[in-house]
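The analysis underlying the following values was restricted to heavy atoms, covering all of them including side chains, and did not include hydrogens, waters or symmetry mates.
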Amino acid sequence: MIKITFRDGSIKEYPQGTTVMDIARDISPGLARNALAAKLNGRKVDLTVPVNEDSSIDILTFDSEEGQDVYRHSTAHIMAQAVQRLFPGVKFGIGPAITDGYYYDFDVPENFSPEDLERIEEEMQKIIREDRPFERTEVSREEALKMFGEAGEIYKVELINDLPEDAVISCYRQGEFIDLCAGPHVPSTGKIKSVKLMNLAGAYWRGSEKNKMLQRIYGTSFPKKSLLDEHLYRIEEAKRRDHRKLGAELDLFSMQDEGPGFPFFHPKGMVLRNELEDFWRQEHKKAGYHEIRTPVILNRSLWEQSGHWDHYRENMYFTNIDDLDYAVKPMNCPGGILVYKSKLHSYRDLPIRLAELGLVHRHELSGALHGLMRVRCFNQDDAHIFMLPSQVTYEIIGVIDLIDRFYRVFGFEYHVELSTKPEKAMGSDEIWEMATEALKKALETRGMEYKINEGDGAFYGPKIDFHLRDCLGRTWQCGTIQLDFLMPEKFDLNYIGEDGQKHRPVMIHRVVFGSIERFIGILIEHFAGAFPVWLSPVQVKILTVTDRGLKYAREILATLEDNDIRGETDGRNEKIGYKIREAQLEKVPYMLVIGDREVENRTVAVRKRGEGDLGARDLAGFVETVKNEIAGKC
RNA sequence: GCCGAAGUAGCUCAGUGGCAGAGCAACGCACUCGUAAUGCGUAGGCCGGGGGUUCAAAUCCCCUCUUCGGCUCCA
């Protein structure tokens, strides 16, 4: 007998050689039905493996991410099989599970069409109905190379050759289809219920543009139709909230052919933007920052000195003035540094926190542009903190607190990642080590959990990234804190210490919103355009029932304006239902319906977005309510 | 930048070689109306741009720009 330890810590005995499936069946028929694969002593395995020694077992179902991965990966194999049936001679790339689905890369002479996807999906249904078992075989490297080599599977051969010496090479077969695969897989193709092919895209073999472009088909699958429907609904919802669509509908901003990647902000977009910036200025003033503004175009020599010329040139724009080379700034730091250097500093002055809503330009690949989320010019809510080495941890914690305060106001949750030295980096390993440790220490002092991203830092220093989560569960990188021991060196920054000697300050680069443009894009999608009152371009819309209400409507508007409430009047000759519908589509938080009754009683009939008709009340009380909501950033 | 798709009225879209269309929006007129679309009428187009094929091009071919979906990159 062998002892099996379950996830909950309970232990049970089984005869040696009992399969994982048998064990699942023994626990409950329901679990056996839902079981997809298992983790045996932490290693993912098929349900068919026999257990020969005391082990811990975790049965994987669709409820866990790992279970979903197995499920989707098996679906990817089914898709590959379908493609092989319909397109003989296809060569296979890779076909992993990804968040919410899977993909498989194919090398086919002709590009797939949307109709092909339908055919492939139908063929997949057929394979599922055939309920073919997934069978695992382990082969030697030679056998594997021979098998895939003879089949002309050049990509698989490349993969096999790149496997480490000691790797166990396994293949999975379902029916006539066999694929190189580490597994595990669901027991049989019939286990897959609802499949859907989502879209089609080109993708380079191994992600390198030096390699051949393969055809990638994305798909997803779920054990229940209702789950698939829910997923499709979420995608629809994301589409419905697309900031590019809402941005046009709500007249916030536009993109023009004359400036690809350079957004145009319209009056209503500017209201939103200015609210964000006002809030930002208030908070930064409170946190001890001083605002500066530095030029957009600066001399080449500055960029050579900062290292951007060597490390960032491909993303920069250049110009020539009076026969001298200039660059359009892609970052604000050199400008901030020049401000610091413009006078002598005492250790008593430090830390100096210089904030700048700086307009930067970066040459992004044309294919990467995406609404406000990926643009070629944007405003960073930047700041550079110059400090004593002894102040580093305290300052970093201060920035973390500031960022935390901001995200709470918008109702965003977030997580933190720490990025370390990249390949293209300046400076010695020792400096990087020191800077990275300082960031870790700040995170740990504040008791924050974090994930490490090896090699993902900026070229001048390691960084902490803040990833916020929107209401659809998507994450966006916004805030970052980057520690920099290098720029102070390059620019020979110093301060006069207690000893009267020059010393080198340490520098932090940090942003909270990241890019104002992108943050606005995120807000649009997060709120589906229905902004909280304090951010709404129009906070109150006054709707007259007949033109007898016009005079009173103007009085109301004046009162709103006196109270710093953004109002608008709709006095057109239209039915009230029509005006309400329009204001509703504009997502205005409050409407005031003004008919004869209101004119007579000097009241306003309030209609609130999302709640409907709230009835009549006096104007002063309504103004108070709205003012309080604005002040409370509701 | 690369692969694929698309670009027709302000918006959403129809129009596959023979007179450029619809709905919504806009404008005009009538209706003075109570919580998500009143009716009638009018106007609106270099069919993204350039070149070519053709008696004839929104439509076929070439180039180019932009957008969209990906790859890649990142705030």
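Map A:Arg216 and A:Gln482 each onto its nearest nucleotide of RNA chain B; the residue landing nearer the 5' end is A:Arg216. Across the interface with RNA chain B, nearest-nucleotide mapping of A:Asp465 and A:Leu214 shows A:Leu214 to be the residue nearer the 5′ end.
The same atom, C1', is picked in B:C3 and in B:G44; the two are 39 Å apart, to the nearest Å. Between B:A43 and B:C33, the two C1' atoms lie 28 Å apart (nearest whole Å). For B:G41 and B:A36, the C1' atoms lie 26 Å apart once the distance is rounded to whole Å. Rounded to whole Å, the C1' atom of B:U66 lies 41 Å from the corresponding atom of B:C29. Here the separation of B:C40 from B:G4, taken at their C1' atoms, is 47 Å to the nearest Å. One C1' atom belongs to B:C65, the other to B:A56, and the distance between them is 28 Å to the nearest Å. Taking the C1' atom of each, B:U16 and B:C60 are spaced 9 Å apart, rounded to whole Å. Here, B:G17 and B:C55 have their C1' atoms 12 Å apart, quoted to the whole Å.
Between A:Tyr218 and B:C71 there is a side-chain polar atom (N or O) within less than 4.0 angstrom of OP1 or OP2. Listed pair A:Lys463 / B:A75 meets the phosphate criterion, a side-chain N or O lying under 4.0 Å from OP1 or OP2.
Searching all strands for a Watson-Crick or G-U wobble partner of B:U12 with both distances below 3.5 Å returns B:A22. The pairing partner recorded for B:G34 is none, the criterion being a Watson-Crick or G-U wobble arrangement whose two distances lie under 3.5 angstrom. When both distances must be under 3.5 Å, the Watson-Crick or G-U wobble mate of B:C29 is B:G39. Under the Watson-Crick and G-U wobble criteria, each requiring two contacts below 3.5 Å, nucleotide B:C71 is paired to B:G1. Pairing of B:A6, defined by two Watson-Crick or G-U wobble distances under 3.5 Å, is identified with B:U66.
Each of A:Phe527, A:Phe519, A:Phe531 was checked for a ring-ring contact (aromatic ring centres under 6.0 Å, His included) with A:Phe410, and the lone residue meeting it is A:Phe519. No option in A:Lys239, A:Arg234, A:Arg240 other than A:Arg240 meets the salt bridge (charged side-chain N to carboxylate O under 4.0 Å, His left out) test with A:Glu237. Of the candidates A:Tyr155, A:Phe87, A:Phe106, A:Phe92 forms a ring-ring contact (aromatic ring centres under 6.0 Å, His included) with just one, namely A:Phe106.
Residue A:Arg244 is classed as a sugar-phosphate contact, given heavy-atom separations below 4.0 Å to backbone atoms only. At the heavy-atom level, A:Arg572 lies under 4.0 Å from the strands shown only through sugar-phosphate atoms. Within 4.0 Å (heavy atoms only), A:Glu364 reaches at least one base atom of the nucleic acid. Base engagement by A:Val375 is indicated by at least one non-hydrogen atom pair under 4.0 Å involving a base atom.
Atom CG in A:Leu369 sits roughly 14 Å away from atom C1' in B:A75 (whole-Å rounding). As rounded to whole Å, 14 Å separates atom C1' of B:U66 from atom CZ of A:Phe262. The CE-P distance, from A:Met373 to B:U72, rounds to 20 Å in whole Å. One can place CG of A:Asn315 at 17 Å from P of B:U72, the figure rounded to the nearest angstrom. In this structure, A:Glu258 atom CD and B:G48 atom C1' are separated by 11 Å, rounded to whole Å. In this structure, NE2 of A:His370 is placed 14 Å from C1' of B:A75, rounded to the nearest angstrom. Atom-to-atom, CD1 of A:Ile481 to P of B:A75 comes out at 14 Å; the value is rounded to the nearest Å. In this structure, A:Glu314 atom CD and B:C73 atom C1' are separated by 10 Å, rounded to whole Å.
Using a cutoff of 4.0 Å between basic side-chain nitrogens and carboxylate oxygens, A:Lys551 and A:Glu555 are scored as salt-bridged. We find that A:Arg572 and A:Glu582 are joined by a salt bridge, their nearest charged nitrogen and carboxylate oxygen being less than 4.0 Å apart.
Of the N and O atoms on the side chains of A:Glu417 and A:Ser419, not one donor lies less than 3.5 Å from an acceptor on the other residue. Between the side chains of A:Ser536 and A:Lys587, no donor N or O sits under 3.5 Å from an acceptor N or O. For the residue pair A:Trp205/A:Asp105, the side-chain donor-acceptor check at 3.5 Å is not satisfied.
Cation-pi check for A:Arg216 over A:Tyr103 is met; the charged atom lies under 6.0 angstrom from the ring centroid and within 45 degrees of its normal.
For A:Leu365, the side-chain atoms get nearest to B:U72 when compared with the rest of B:U66, B:U72, B:G69. Nearest to the side-chain atoms of A:Ser515 among the listed nucleotides B:A75, B:C71, B:U66 stands B:A75.
A 4.5 Å side-chain heavy-atom check between A:Tyr218 and A:Ile98 finds at least one atom pair inside the cut-off.
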Per-nucleotide protein contact along nucleotides 27-37 of chain B, 5' to 3', at a 4.0 Å heavy-atom cut-off (B base, S sugar-phosphate only, - neither), is ----BBBBBBB

